[in-house]
**Q** 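Here you go, one structure.
In each ligand, atom 1 is the first atom listed, and ligand 1 is the first ligand listed. A quick note: this is a predicted structure, and the numbers were derived from the prediction, not measured.
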Amino acid sequence: MKKNIVAGNWKMHKSLDEGLKLVSEIATLVKEAPVNEVEIIIVPPFIHLTALNKLLQDNDPIQLGAQNCNEHDSGAYTGEVSAAMLKSSGVVYVIIGHSERRAYFNESDELLAAKINQVLNNGLIPIFCCGEPLSVRESNSQEDFVFTQLTNSLFHLSKESFGKVVIAYEPIWAIGTGVTASAAQAQEMHKAIRNHLASHFGQEAAGNCSILYGGSCKPSNAKELFALNDVDGGLIGGASLNGTDFVDIIRSF
Ligand code: PGA
């Protein structure tokens with residue numbers, strides 16, 4: 001069954017001390033007034049994962065995610081991190097295909113398909129990002145653009161493997177800009193994504209897939225977005241760097 005999920009993508013922010021402080025604050029706030037039926041995920045830079053994993057107690061309802069992984073099992077790939085390493089550091093989720101990785105690190109749909117395989121083969125859960133740039137939105141071809149991303153990177157999966165995948169729809173024009181997709185735009189795209197997934201994996205599998213919204217999601221708009229039929233939570237950038245804002249978003253369900 002699909003889950004409600006709120007994931008905080010820290011990107012390249014926070015020193016180790018700042019990261020430990022932020023996670024302690026979030027864990028305390030969540031413990032003070034437990035949040036029901038929301039999977040909470042913190043996605044720090046790789047280097048903080050082990051320390052944060054030690055900090056989090058078994059009873060903390062917070063999971064760790066990574067922002068990327070390499071497409072190979074292991075080998076001479078200086079500077080890279082494998083899915084198996086992430087697994088051994090307590091990671092549960094891995095963001096794959098964030099628009100910043102696609103744009104600044106030239107990650108293609110085909111490369112992302114290989115990364116999805118790595119994540120799944122190592123028993124981790126991919127959060128697969130898709131979303132269109134402003135020029136595509138302005139020419140009203142956002143659906144075709146996003147469908148191609150989904151088809152090229154996910155449609156090789158078996159129905160069983162697809163059942164583990166989480167999707168994040170993140171219109172690029174809304175990321176870090178303060179401009180959020182309207183509720184109508186978000187619902188329309190999420191529904192279209194679910195229908196596209198259903199065309200290949202079937203209604204049931206598509207209905208069980210969590211589809212998160214990302215792009216300037218904050219305490220002031222999370223409630224409206226999370227109430228939409230096909231929005232199952234959020235991938236939060238900027239607002240996840242502040243403990244109270246992040247927990248307010250979590251409490252928006
Ligand atoms: P933002 O980032 O919330 O700062 O817009 C979202 C993301 O990039 O995942």
**Q** Taking everything shown except K2 itself, do over 12 heavy atoms lie less than 6.0 Å from its NZ?
**A**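 More than 12 heavy atoms, drawn from other residues, nucleotides or ligands, come within 6.0 Å of this atom.
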
**Q** Check each heavy atom of E170 against ligand 1 and say whether those closer than 4.0 Å belong to the side chain, the backbone, both or neither.
**A**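 The part of E170 near ligand 1 is the side chain, not the backbone.
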
**Q** I'd like to check V35 versus F253 (side-chain heavy atoms, cut-off strictly below 4.5 Å). Are they in contact?
**A** no

**Q** Touching ligand 1 at all, H98? Heavy atoms, strictly under 4.0 Å?
**A** yes

**Q** Could you tell me the residue and atom name of the protein heavy atom closest to atom 4 (O) of ligand 1, and the distance to it rounded to 0.1 Å?
**A** G238 N, 2.8 Å

**Q** For E18, is the CD atom crowded, meaning more than 12 foreign heavy atoms sit under 6.0 Å from it?
**A**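 Counting neighbours around CD of E18, more than 12 heavy atoms of other residues, nucleotides or ligands fall under 6.0 Å, so yes.
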
**Q** Is G215 in contact with ligand 1, taking contact as a heavy-atom separation below 4.0 Å?
**A** yes

**Q** In terms of atom number and element, which parts of ligand 1 are under 4.0 angstrom from non-hydrogen atoms of G176?
**A** 1 (P), 4 (O), 5 (O)

**Q** May I ask you to check whether over 12 heavy atoms, not counting those of L134, lie within 6.0 Å of atom CG?
**A** yes

**Q** Can you tell which part of A174 has a heavy atom less than 4.0 Å from ligand 1: side chain, backbone, both or neither?
**A** backbone

**Q** What residues, two or more places apart in sequence or in another chain, satisfy ring pair (Phe, Tyr, Trp, His ring centres under 6.0 Å) together with F201?
**A**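 Ring pair (Phe, Tyr, Trp, His ring centres under 6.0 Å) list for F201, sorted by chain: F155, F162.
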
**Q** Looking only at protein heavy atoms, identify the closest one to atom 3 (O) of ligand 1 and say how far it is in Å.
**A**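 Nearest neighbour among protein heavy atoms for atom 3 (O) of ligand 1, to 0.1 Å: G237 N, 2.9 Å.
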
**Q** Under a 4.0 Å N-O cut-off, is there an ion pair linking D248 with K218?
**A** no

